[in-house]
*Asks:* 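Sharing a structure here in structure tokens format.
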There are 2 protein chains.
Amino acid sequence: METKETYHHGNLRQALLEEARSLIRVGGLSQLSMRKLAEQVGVSRTAAYHHFKDKRALLIAIAQDGFEQLKEQAEQIPDELSATQKMVRRCKLYLDLAFDDPALYELMYGKVIWSEGASDTHLEGTAAQMFKDYCDFYAKLEALNEVRLVKPPALIARIHWATLHGLARLYVDGVFRIKPDTNQLATDIVDMRMAGIGVDQQVE
Amino acid sequence: METKETYHHGNLRQALLEEARSLIRVGGLSQLSMRKLAEQVGVSRTAAYHHFKDKRALLIAIAQDGFEQLKEQAEQIPDELSATQKMVRRCKLYLDLAFDDPALYELMYGKVIWSEGASDTHLEGTAAQMFKDYCDFYAKLEALNEVRLVKPPALIARIHWATLHGLARLYVDGVFRIKPDTNQLATDIVDMRMAGIGVDQQVE
DNA sequence: CTTGTGTTTTTGACGTTGTCTAGTTGTGGC
DNA sequence: GCCACAACTAGACAACGTCAAAAACACAAG
């Protein structure tokens with residue numbers, strides 16, 4: 001790679017994304033500014049605007065990367081696990097994201113992306129898919145006669161996600177300050193959710 | 001009240017709080033600026049700094065008012081209701097706050113207050129009390145032999161609050177855009193929570 | 001090697017923000 | 001009426017996000 005004395009960075013977009021990711025991991029979303037970011041990367045304060053329409057576009061790109069990473073992690077869950085065990089793993093991945101990288105979680109599931117409609121982020125499908133996965137999970141358990149749903153799967157899925165999101169946000173925002181054992185917590189949530197809809201035995 | 005041509009407003013602190021409350025209700029937290037607020041109230045941009053140390057101090061005051069209002073509403077729940085019915089009412093009040101005044105909810109339970117430690121806000125006790133109320137609720141049901149807890153009350157209380165908070169935040173942040181029937185939702189949550197910990201009959 | 005074109009930066013500038021500080025005005029006690 | 005203090009106004013500063021013009025760079029064609 002050539003030196004930085006020249007104008008052309010060469011791979012500025014990627015460098016901005018990586019540096020921004022690092023900055024928010026350390027200082028939180030509120031500590032990220034386009035000027036500080038540019039300074040860290042070694043370019044002028046408006047160089048980023050050639051690669052990103054505005055600050056929100058850069059943040060969206062970081063969130064997209066985060067969703068991609070989460071998806072790749074979910075795909076590594078072994079196929080041979082039961083549906084319930086897979087769900088516990090997915091819940092754990094979700095909680096791990098929030099507890100290990102609170103600012104990325106806040107970006108992915110917070111107002112920057114969602115408050116003005118997310119149609120420009122191509123992430124609405126992602127959120128819908130997550131919701132659908134939860135619905136499918138419960139519908140599948142019922143189809144296998146493993147549980148008897150006493151509420152519609154959509155309601156159960158909504159509350160399932162809300163529970164995870166609430167635990168995440170209460171930590172991300174600083175209301176709860178103690179990082180839990182996410183494996184245990186995911187197990188407890190799925191366990192309680194099983195009991196809530198009629199399953200007879202606890203998660204093994 | 002005397003005219004506004006004079007320097008002395010007379011009751012600027014209260015006017016700022018009321019106007020700020022109104023501004024965030026309409027435009028959201030991000031639309032509130034000290035300059036716009038001062039202009040709306042008819043004073044110069046730094047007048048507020050005589051009454052509030054900084055912007056965060058003003059926001060804390062609004063959040064404190066919000067908690068006070070929530071507490072007063074909870075105190076109006078009739079004593080003769082069963083513990084479960086009271087809990088449904090409280091859950092409904094909580095959800096109503098989030099769905100009817102999202103910015104106030106975000107302020108009360110979000111980063112402005114909680115991210116740097118809330119010791120200067122005198123609200124830590126409020127959050128702790130809410131958590132304790134949920135714990136007590138479940139412990140009381142168990143003491144009355146109405147339910148059999150299969151998890152510690154602290155975990156159940158934490159997940160109970162997380163569920164409410166998650167539903168609230170998913171709406172406040174714009175991930176979910178449809179305002180639900182909060183009475184039905186509160187009933188469903190408590191209903192499912194009952195089932196989750198072993199209650200034999202649904203909420204009447 | 002030169003030239004032209006397109007890309008990618010830098011630089012000057014603007015509007016907005018929160019907040020500091022000095023100065024001005026108003027209030028109330030004596 | 002005077003004085004001290006409270007409560008404001010006004011000037012100023014630093015930082016922010018972003019726009020647009022100018023400058024530098026990369027590359028292809030001749």
Side-chain angles (χ1 to χ4, degrees), chain A residues 1-20 23-24 26-63 103 107 110-113 115-116 120-121, chain B residues 1-20 23-24 26-63 103 107 110-113 115-116 120-121:
Chain A
M1 192 74 161
E2 59 180 321
T3 68
K4 290 293 304 311
E5 288 86 345
T6 74
Y7 264 27
H8 271 228
H9 182 279
N11 195 22
L12 184 55
R13 185 178 198 280
Q14 195 55 36
L16 288 166
L17 288 175
E18 287 170 7
E19 186 60 35
L23 286 174
I24 70 174
V26 168
L29 266 186
S30 66
Q31 291 304 310
L32 180 71
S33 77
M34 299 302 276
R35 292 175 183 238
K36 282 179 191 165
L37 177 60
E39 186 177 356
Q40 286 296 314
V41 173
V43 293
S44 74
R45 64 196 173 287
T46 50
Y49 291 93
H50 181 75
H51 301 275
F52 301 98
K53 179 177 179 293
D54 53 19
K55 183 179 182 183
R56 181 170 180 268
L58 179 139
L59 292 173
I60 287 171
I62 297 171
L107 180 56
K111 299 179 90 76
V112 169
I113 302 295
S115 70
E116 291 153 39
D120 58 332
T121 69
Chain B
M1 190 75 161
E2 59 180 317
T3 68
K4 288 296 305 311
E5 289 86 344
T6 75
Y7 263 32
H8 271 228
H9 182 279
N11 195 21
L12 183 55
R13 184 178 199 279
Q14 195 56 35
L16 288 166
L17 288 176
E18 288 170 7
E19 186 62 35
L23 285 173
I24 69 172
V26 167
L29 265 186
S30 66
Q31 292 304 310
L32 179 71
S33 77
M34 301 298 279
R35 291 176 184 234
K36 284 179 188 167
L37 177 60
E39 187 176 356
Q40 285 296 316
V41 173
V43 292
S44 76
R45 64 196 172 288
T46 50
Y49 292 94
H50 181 73
H51 301 275
F52 302 98
K53 176 175 179 299
D54 53 19
K55 184 180 181 183
R56 182 172 180 265
L58 178 139
L59 291 174
I60 287 171
I62 297 170
L107 180 56
K111 297 178 91 79
V112 170
I113 301 295
S115 70
E116 291 152 39
D120 58 332
T121 69

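Residue numbers start from 1 in every chain, and the chains themselves are labelled A, B, ... in the order their sequence lines are given, proteins ahead of strands. Just the heavy atoms: all of them, side chains too, but no hydrogens, waters or symmetry mates, feed the values below.
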*Asks:* What nucleotide among D:dT18, D:dG17, C:dG18 has an atom nearest to a side-chain atom of A:R45?
*Replies:*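 Out of D:dT18, D:dG17, C:dG18, the nucleotide with an atom closest to A:R45's side chain is D:dT18.
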*Asks:* If you assign each of A:R35 and A:Y49 to its closest nucleotide in DNA chain C, which residue comes earlier from the 5' end?
*Replies:*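 Nearest-nucleotide comparison on DNA chain C picks A:Y49.
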*Asks:* What is the distance, to the nearest angstrom, from the CG atom on A:N11 to the P atom on C:dT9?
*Replies:*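 Taking CG of A:N11 and P of C:dT9, I get 10 Å after rounding.
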*Asks:* Nearest to the side chain of B:Y7 - C:dT25, C:dT17, C:dT8?
*Replies:*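 My answer, after comparing the listed nucleotides, is C:dT25.
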*Asks:* Enter the distance from B:I62:CD1 to B:E18:CD here, rounded to the nearest 0.5 Å.
*Replies:*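 Interatomic distance, B:I62 CD1 to B:E18 CD, rounded to 0.5 Å: 10.5 Å.
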*Asks:* Would you classify A:S44 as touching base, sugar-phosphate or nothing, given that sugar-phosphate means primed atoms plus P, OP1 and OP2, and contacts are heavy atoms under 4.0 Å?
*Replies:*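 Counting heavy atoms under 4.0 Å across all strands, the contact made by A:S44 includes a base.
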*Asks:* Between atom CG in A:L37 and atom P in C:dT9, what is the gap in whole Å?
*Replies:*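 One finds 13 Å between P of C:dT9 and CG of A:L37, rounded.
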*Asks:* Which of these nucleotides, D:dT9, D:dG17, C:dT9, is closest to any side-chain atom of A:A47?
*Replies:*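 Closest nucleotide among those given: C:dT9.
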*Asks:* Cut-off 3.5 Å, no hydrogens considered: what does the side-chain donor-acceptor table look like for residues 28-54 of chain A, sequence neighbours left out?
*Replies:*
unit_1 : atom_1 : unit_2 : atom_2 : d
A:S33  : OG     : A:K36  : N      : 3.0
A:D54  : OD1    : A:R56  : N      : 3.3
A:D54  : OD1    : A:A57  : N      : 2.9

*Asks:* Is there a donor and acceptor pair, one atom on the side chain of B:T46 and one on the base of D:dA10, closer than 3.5 Å?
*Replies:*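 Present.
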*Asks:* Can you tell me how far P of D:dC19 sits from CZ of A:F52, to the nearest Å?
*Replies:*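 In whole Å, D:dC19 P and A:F52 CZ are 15 Å from each other.
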*Asks:* Atom CG of A:L29 to atom C1' of D:dG17: distance rounded to whole Å?
*Replies:*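 So the CG-C1' distance, A:L29 to D:dG17, works out to 16 Å.
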*Asks:* What is the distance, to the nearest angstrom, from the CD atom on A:Q31 to the C1' atom on D:dA15?
*Replies:*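 Interatomic distance, CD of A:Q31 to C1' of D:dA15: 12 Å.
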*Asks:* Among residues at least two apart in sequence or on other chains, which ones pass salt bridge (Lys or Arg N to Asp or Glu O under 4.0 Å) with A:K55?
*Replies:*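 A:K55 satisfies salt bridge (Lys or Arg N to Asp or Glu O under 4.0 Å) with no residue once adjacent residues are dropped.
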*Asks:* Assign each of B:K55 and A:H50 to its nearest nucleotide of DNA chain C by heavy atoms, then name whichever residue's nucleotide is nearer the 5' end.
*Replies:*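 Nearest-nucleotide comparison on DNA chain C picks A:H50.
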*Asks:* Provide, to the nearest angstrom, the distance between the CG atom belonging to B:D54 and the C1' atom belonging to D:dA14.
*Replies:*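 Distance check: B:D54 CG to D:dA14 C1' gives 17 Å.
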*Asks:* Of the candidate nucleotides D:dG17, C:dG18, C:dT9, which contains the atom at the shortest distance from the side chain of A:M34?
*Replies:*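 Nearest nucleotide to the side chain: D:dG17.
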*Asks:* C:dT25 P sits how many Å from B:L12 CG, rounded?
*Replies:*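 Going from CG in B:L12 over to P in C:dT25 covers 19 Å.
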*Asks:* To the nearest 0.5 Å, tell me how far A:I113 CD1 sits from A:L107 CG.
*Replies:*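 Rounded to the nearest 0.5 Å, the CD1-CG separation comes to 5.0 Å.
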*Asks:* Counting side-chain heavy atoms from C-beta on, which of D:dC16, D:dC8, D:dG17 comes nearest to A:K36?
*Replies:*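 In terms of side-chain proximity for A:K36, the closest of D:dC16, D:dC8, D:dG17 is D:dC16.
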*Asks:* Roughly how far, to the nearest 0.5 Å, is NE2 of B:H9 from CD of B:Q14?
*Replies:*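 Taking CD in B:Q14 and NE2 in B:H9, the distance rounds to 10.5 Å.
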*Asks:* For the pair made of NE2 in A:H51 and P in C:dG6, what is the distance, rounded to whole Å?
*Replies:*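 That distance rounds to 19 Å.
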